[in-house]
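The structure appears right after this line, and notes come after that.
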Amino acid sequence: MIINNDTIIKDNDPIIRTKSLPVQLPLSKEDEQLMIDMYNYVKESTDPELAEKKNLRPAVGISAIQVGIPKQMTAIICSDIDKYDNEVTYEYCLVNPKIVSSSIEQSYLKSGEGCLSVEAEHEGYIYRSARIKVKAYDYLTKKEVTIRAHGYLAIVLQHEIDHFSGTLFYDHINSEDPFIKLDNAIEI
Ligand code: CO
């Protein structure tokens, strides 16, 4: 499948609001290829030359519904700082990821969120759980994984898993007061 900025489903298409269904494991050949294509999209999208050549918008994650396939699959490549202040890159190709626990404490990205399916600007804070535990099958490592995420990775995971229910980031913005400050929310 060719995934680029022309083929990615945008938010003016009702398909983006479709609920995604769990995927049968082991993955079919078709689902494997979809996962590889999504992973390659994210990987190549952050290389300026490739992005220009192949019409890719930079991304840290993509979910299958964004290419019109309502399956619970997402590819994520994102960097963050670990507790020793080292830069770490997280890479996942998740099938059927489920948030099994989440903190009461919230966090939000100071600069707001973006999405391959959203072209208009939507300013405002998106509050999400600061820490989550996710269980999934990871196609990259071919293992069932439990991911304990906080910081940026926790935000990215929640953004992508939201796509499975047809939820977009701006659905979470307070329409009355987009930059409302919540007590005890961590700014990232
Ligand atoms: Co998105």
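Just so you know, ligand 1 is whichever comes first in the structure, and atom 1 is the first atom listed for that ligand. What you see is a predicted model; the values in this text were computed from it and never measured.
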Exercise. Hey, what's the ring geometry for Tyr125 with Tyr127, parallel, tilted or perpendicular (30° and 60° as the breaks)?
Worked result: perpendicular
Exercise. Do the charged groups of Arg57 and Glu119 touch, with an N to O distance under 4.0 Å?
Worked result: no
For this session: Could you label the plane-to-plane angle of the Phe169 and His122 rings as parallel, tilted or perpendicular, counting under 30° as parallel and over 60° as perpendicular?
Result: perpendicular
For this session: First locate atom CG of Leu56, then atom CG of Asn40, and finally report the distance between them rounded to the nearest 0.5 Å.
Result: 10.5 Å
Problem set entry | Number of protein N/O/S atoms that sit closer than 2.8 Å to the Co ion (ligand 1) | 3
For this session: Compare all side-chain heavy atoms of Gln158 with those of Ile132 and state whether any distance is below 4.5 angstrom.
Result: yes
Exercise. Given side chains that start at C-beta, do those of Ile126 and Ile173 come closer than 4.5 Å, heavy atoms only?
Worked result: yes
